[in-house]
Every structure is written in C-alpha cells, then in structure tokens.
Number of protein chains: 4
Amino acid sequence: MPRSPKQLEEHRKQKKKLIMDVALELFAKGGFHATSISQITRKAGISKGLIYNYFSSKQDMLEEITETAYNEVYKNFDLDKDGVLTNEEFIFFIKETFRIVRENMSFWQLYFALMVQPGIQESFSEKYQEKSKPILNQIYAFLQKNGSTDPEGDLFVLSSLVEGAILYLVVAPDIFPSGKMEDKILQACFRLISTPEAPPKN
Amino acid sequence: MPRSPKQLEEHRKQKKKLIMDVALELFAKGGFHATSISQITRKAGISKGLIYNYFSSKQDMLEEITETAYNEVYKNFDLDKDGVLTNEEFIFFIKETFRIVRENMSFWQLYFALMVQPGIQESFSEKYQEKSKPILNQIYAFLQKNGSTDPEGDLFVLSSLVEGAILYLVVAPDIFPSGKMEDKILQACFRLISTPEAPPKN
Amino acid sequence: MPRSPKQLEEHRKQKKKLIMDVALELFAKGGFHATSISQITRKAGISKGLIYNYFSSKQDMLEEITETAYNEVYKNFDLDKDGVLTNEEFIFFIKETFRIVRENMSFWQLYFALMVQPGIQESFSEKYQEKSKPILNQIYAFLQKNGSTDPEGDLFVLSSLVEGAILYLVVAPDIFPSGKMEDKILQACFRLISTPEAPPKN
Amino acid sequence: MPRSPKQLEEHRKQKKKLIMDVALELFAKGGFHATSISQITRKAGISKGLIYNYFSSKQDMLEEITETAYNEVYKNFDLDKDGVLTNEEFIFFIKETFRIVRENMSFWQLYFALMVQPGIQESFSEKYQEKSKPILNQIYAFLQKNGSTDPEGDLFVLSSLVEGAILYLVVAPDIFPSGKMEDKILQACFRLISTPEAPPKN
DNA sequence: TATGAATGAGCATTCATTCAT
DNA sequence: GATGAATGAATGCTCATTCAT
C-alpha cells in the first residue's frame, strides 16, 4: 500500500516494530531457543520469508530487540543533571524503576534470562553495564553524600535488594501487591542508607 | 561387571548420578534447549541410547535433576526444630544459604533460568514453593518474634535482598568478593529487621 | 526520461543488455544456481521486480544470454565464402578463435559449465551444434583438400586440441602465456594436418 | 544388523560408499548446487538425517568424493618407476588414461564442472595439481628424451589435446567411437612429439 | 517503466528418540 | 546394561517469483 519513500519508511518501521513486539513476547515467555521463527511469523501474521527482509538472522533480531528495549528503558531516566540526587529524586528514581519494569514486563523477563544464560547473547552483559553505569554512578554519589563509609558495598546491597524485588515482580507478578511492595522496598532502601547504628555481632 | 542385584543397583545409581551431574552442568552453562543429548553423552562418555535406559525423555531428565538438587539443597537445612530461630540461628541460616549456593553454582544458575522461563519446566515453580515453604515459615516466625508489624512484607523484602544477592553471586561470581559481601548482606538483614524508626516521607 | 517509442525501445534494449552483461559475469564466476536474482539486481543497480519486466524467468534469462552470446561470437566468422579455406584463412581462423575467447572469457567459462552439466540448460548443446556446424564443415572441407584420408577423425583430433587449449585458457588464464601458446597450438594443427608418415606401431 | 566393531566398521564403509556413489552420480549429472540432500537420500534409500552420520556437511561430502576419486584414479598409475618412459609405456599411459575416464565418467564430468567453477570447491584445483604433478613430470621427461626443444610448450599442447578429447568423451560419449578415436589421439600424440620439420610460416 | 514488500516452497542441517544387536 | 545406526519432524534460512503501487 505505501508508495512514497517516506510512506515506505514509515511502513517498514511499523512492520519491524510489530515483529519485534511479537518476538519479544515469545522470547520472554518461552525462551529464545524454544521460540521458532514460524511461531513468530504465525503470531505476527506474516510469511516466514518476510522476517529476513527486516532482520538478517534470528540472533540479529534478538540483538535489535534488546538494544531497542534498553534505549527505550533508559531514555526515561534524566541523567543529564550535574548535581547529586536529592532524597526526593532518589525516591523518584526507585519508583520510576518499578514503573518501567511494570510497563515492560516481557523485556525484563528476557533480561533475566539473558543475564543468567550468557551464551544466548554474547554482548548482552556488556551492553547492560554500559547502559546502567551512569545510573549506578549517581546512586554511588548519593550514597557518599548520605555518609556511607562503604559506598561500593552499599551500592551492591541496594542493587541486590532492588534487583531481587524486580525478579519477584517479573516472575510472580500476581502475588506481588505492587503498590505496597514498592513502598516496602523504598522504606528498606532508606533504612539501609541511613547512618548505621552498631551492627549486630556475628 | 557387577553381578549381584545389589551391585547392579549400585551401578545404576552411580551411572545415573554421572549423567545427571554432567547434564546439570551443561544445562546450567548452555541452557536446556541449547544442550543436546549428544553433548551430554559425549561428555559423560556413554552411548546415546543409554540415556533412555535411565530417563524416559530429556524433559524427564531435567525434572529428575531439579528434584534431586532441591532435595540435596534442603536436606542441609535443619528444619525439624520446633522453636523459633534465635539470632545466631538466623545468622547461620543466611550464611548456610550462601554456602550452599556457592557449592552448587550450576544448580542455582539453572534455578534462575527455570524460574524466569517457566515454559521450560512447568512444575518447577510449584516444586520450589513447596520445598521452600517451611523455611520461609521459620523466617516469618522469626520476624514476628523480632517485633515486625508486617512480617509478610518484611519477609518479601528480606527475600528480595537475599535472592538478589544470590543472583549476583551466580551471574558474576568473579566480581563478587564473597566474604565481604555476605557480611554486608547479613548486616543489611539485621538492619531491616530491627524495629524501624520513623520512615522518611515520600 | 525517454519519451518517444523509439527512445523507449532503445532504452529497453540498453537496460536489457546491462542486465544480461551483469548476469553473464555472475553466472560465469559463480555458477547459474549459485547466483541469485538479488545479486544480479544489486550489481546492476535495479530493483528485483524489474528483471521480470525483461525476462520471464531466471532460466529464460540464461537462454537469452547464451543465444545472444552465440550470435555475437559467430557473427565474427565470415562464413559466407563459397570456396574452401586457404592456409592463410585457416590460420586466421584459429587465431580469430582465440581472440574471440579472450574477449569473451565470461561467456566461455559459462559455455564449459553448461556443456559439462547439461541439466542446467537443456537446449544448450543442440544450440551449440547448430551454430558451430557450418564452421566445422569448412574445416572438414579444408582437411579433405589437404589430403586427409579420414577427415572426420582428423576434425575430431583438431577440435580436441583447440577445445582443450581454450579450456586451459579459460580455467587458468594467468599461467597461459597466450601469445606463445597460440603459436604452439597453431603449429601443432599444421603438423597434424600435414600428410602423415608411417605412424608408430602400438 | 552388525554387532562387532569390525562388522560395524565394514557396515559403515559400505554405507558411506553407497552414499558417495549416489551423490557423485547426481552431482555429476545435475551439478552440486542443483542436487539436494533429499534427492541423494531418496536415491540411496536412506533417511535425510543419516547423511550427517557420515558427513559433516554437503560440502564435506563433495570433498570426500573428490579426494576418494582422485586416489582411486591415480593409484592405477604406476609412478614408482625411476627411469624415463619408453614409447610402449607412453602408449600404455594414454590408453590407461582413457580407460580410467571411461570407467569413471561421472567423476570426470564432475571434474570438469569443478575445474570450470572454482567457487564450488576451493581446494579442488590445488588438489588436482598436486596429484597430477608426478605424471606430468614423467611426460615432461619423456618429451625431453624424445628431443623436444620446448618440453614445457609441448607438454601443454599434449595436455590440451588429451584434455580436449576427454572432454568430448565425457560430454558426448555416444558420438565418440571410442576405440578408433583413442587410436587417432594416440597417433596425433606421436606426430606431435616426433622431431619437427620446418613449421609453416604464419 | 520501476519499485520493493511479500510469499511459500524448498533447502541444509539438527536432534530427541527408537531399536536391532 | 550398552551400543550407535537410523529415523523424520522441525529448525533457521534462501530465493525465484508476484503484485500493489
């Protein structure tokens, strides 16, 4: 149906997005290897050959999906600020994180799968580190500002907490009363970053 | 070479264990679908046909592996106690958890893969819940005893923290200075379960 | 951009020639089956659909290419002469043959491929025989005039020699010092057609 | 049916030979690319998967076929002799060549196809040169002994003649009255290697 | 005339599983 | 218990060809 180069381009973009959306969902649900090209084309309502008009291989498709999703995810964080996070900004940060996860559940499911099985996409871990570095740096500075004597360790603890919560959110979204739980995680974060009393002996 | 029924049985058991060990490692490293029966038999030094003498299918093999690993893992926890955990016991608990993970890295890698992609083994999540229920119950009681006004929520927070840390341990064992990090996680746990001060407004 | 029917016709002709030239080169280099329509259109700078505006199928394209090349090749031989070849004309004949091959290397590479693998183009061999018949007849007469008692056999020998040399020229043009080798072949031809002495007993 | 390692090995060898024979015939007739694995398995009466129990790929199959055929072909030539060919031996040589070609027509058809289209099997030409080198060296010495002042050039002429004749034999076996033609080629060879009279001016 | 998105049959290859020995 | 040849369905991918524009 399209004709002009512009319409054509627009058409291609939409079609590609359709394919990527379908593929992401299937990859997330069933795994990369267990999802066949046929399944994708069937669900997307296109022919098998057409996939290769848009992607050079199944692997390439996965890479474009993760790249796009990462960009989509991180463009929401405003990281151009020069100062250090205020408490309010930190709170926003955590909340924003959960909101993004909740709106891209399929991607985050795929994210964990790829993290855990690095063989599937060689570059995935590096890509993630590169993208998340600026964010982690902001948190690091925030922890320093808040008086942490071991910001690296505290960052690790905080990351574990949030990553673990996201994992639960992704794996068992139904048993996760999201509003309340986010508040709990947020409170836990603040409790962890406040100046510590004497820790228990172990 | 074995002859008596008893020796025969012993022989079968050892062979089966060999196959399961090899398969677990390969499943963990490469993923269930990406690991072929051929790879397993090659690494185990057996013929392809023999696999089906011990397992009815590849899927069945996976199920036996996870079942066995779960039993292996949880038999280490002494859960027959009737009372409620002391602080020392709780500490032991957490430390024991990390020790077990570190000694069964392959299984825990597979654990996350199966958690995240339920299509691979339908029953996995239920099996896990059933097995971990008694443990979570103990922690629940411990939180109550420690004065928690929301033991369910606090349990979730604690689980997130520990699960998140284990994920890091499994995914990036090299960048995880395990001794120190376990202490940090332990401290964080105690900080989270001590009676809360006024939380920050958000 | 062309408008008048005549310009249009001219345009079509040029475009068709472009496609055929590109296709011939690719067919020769990579083989008919291994060369895709996409490769041809890419190299010719046209769209995929356009090919079918000029040819009804890939097979048809091949046939038009070989037909055209044959005509091109044989129109250079002046075969309207009524008499029999002189020695000078025979020499010119052989030299002309090598010149033509050297100027149409791609076609002659394809020629051998189609000769050897008749499945690719059913009609190729017949077409060749039909085209080369008048030439062979001239040589036949020339051999008779030169006193051959077995012109058919001698024609076969001569053809083998020349065809074999052309094969070398086409397959390994670099190791073929063409000037010298053509002289050698020419001398060999004359030696073969001169009245034979007593052949060796075998 | 087989059981002992020896029977098994024998069984494998026969099966492999069966596949290679069928494949050689189809490759020769239709070309490498135009012959599908399905065609081969259908004609060989085996399942598609079994091919890959014997060959790692279609390409590998081709390579094993050419390697085996070369060895088969050249083991017939007794090249261990230290002296130089006698006339009788040279005659035997040429006759043997034609006999071998006639008994392995499919291979020689494939031979020309691979020669002409080097893209199909990269190593083919080198393999051929390596195998035929000792033979060509013997002819070279024979030409020298016979008084050739340009043995290299004469070798080329002789090769062209024989190669050309073989090409005809392979491409059009029906129109080639083999007995007579071999004699003609043999006579032509001797005529070409006898001390030349004054060549014609050109 | 010219485009290129779309098709679907066909390809080489893989792999869990079977079974005669 | 153990072997490995054999199967065939399914996979990712290619490509000549069509057709709406």
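Quick note on labels: first sequence line is chain A, next is B, and so on, each numbered from 1.
Nearest nucleotide to the side chain of D:R12, out of F:dA5, E:dA16, E:dA5: F:dA5. Here the side chain of A:Y52 is nearest to one of E:dA16, F:dC13, E:dT13, namely F:dC13.
Between the CD1 atom of B:I46 and the P atom of E:dA16 there is a distance of 13 Å, rounded to whole Å. When rounded to the nearest whole Å, the span between CD1 of D:I37 and P of E:dT14 equals 11 Å. Going from atom CG of D:L8 over to atom P of E:dA20 covers 16 Å, rounded to whole Å. For the pair B:R42 CZ and F:dT3 P, the computed distance is 15 Å after rounding to whole Å. Atom CG in B:L62 sits about 13 Å away from atom P in E:dA16, given to the nearest Å. Per the geometry, CG belonging to B:L26 stands 16 Å off C1' belonging to E:dA16, to the nearest Å. Distance, A:Q14 CD to E:dA5 P: 14 Å, rounded to whole Å. For the pair B:Q7 CD and F:dG1 C1', the computed distance is 14 Å after rounding to whole Å.
Checking E:dA9 for Watson-Crick or G-U wobble geometry (two distances, each under 3.5 Å) identifies F:dT14 as its partner. Pairing of E:dA20, defined by two Watson-Crick or G-U wobble distances under 3.5 Å, is identified with F:dT3.
OP1 or OP2 of F:dA2 lies within a sub-4.0 Å distance of a side-chain N or O belonging to B:H11. Contact annotation: C:N53 side-chain N/O to E:dA2 OP1/OP2 distance is not under 4.0 Å. At E:dG10, none of the side-chain N or O atoms of D:H33 fall inside 4.0 Å of OP1 or OP2 (strictly under the cut-off). Between A:K48 and the phosphate of F:dT14, there is no side-chain N or O to OP1/OP2 separation shorter than 4.0 Å.
Checking side-chain atoms of B:Q59 against main-chain N and O of B:I120 turns up a donor-acceptor pair under 3.5 Å. Using a distance-only test at 3.5 Å, with no hydrogens or angles considered, no donor-acceptor pair links the side chain of B:Q109 to the main chain of A:Q117. With hydrogens and angles ignored, the 3.5 Å screen pairs a side-chain donor or acceptor of C:Q39 with a backbone N or O of C:S36.
Between C:S56 and A:S36, the one whose closest nucleotide on DNA chain F sits nearer the 5' end is A:S36. For the pair D:Q39 and B:F32, nearest-nucleotide mapping onto DNA chain E gives the more 5' position to D:Q39. Heavy-atom distances to DNA chain E give each of B:Q59 and A:K15 a nearest nucleotide, and the one nearer the 5′ end belongs to A:K15. Positionally, the nearest nucleotide of DNA chain F for D:G45 lies more toward the 5' end than for the other of D:G45 and A:S57.
Annotation: the span from D:I51 atom CD1 to D:K15 atom NZ amounts to 10.5 Å, rounded to 0.5 Å.
D:T41 comes within 4.0 angstrom of nothing in the nucleic acid, heavy atoms only. As judged by a 4.0 angstrom heavy-atom cut-off over every strand, D:K58 is placed among residues touching the sugar-phosphate backbone only. If you check every strand for non-hydrogen atoms under 4.0 Å, C:L50 touches a base. Within 4.0 Å (heavy atoms only), C:Y54 reaches sugar-phosphate atoms of the nucleic acid but no base atom. Within the nucleic acid shown, B:I51 has no heavy atom closer than 4.0 Å to any nucleic acid atom.
Using the six-membered ring where Trp is involved, D:Y70 and D:F107 have ring planes that are perpendicular, over 60° apart on the 30 and 60° scheme.
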ask   = How far apart are the C-alpha atoms of A:M115 and B:F112, what are their side-chain angles, what is the distance that settles it, and do they pass the side-chain contact (heavy atoms from CB on, under 4.5 Å) test?
value = CA-CA 10 Å; A:M115 273 295 168; B:F112 282 114; over 6 Å; no
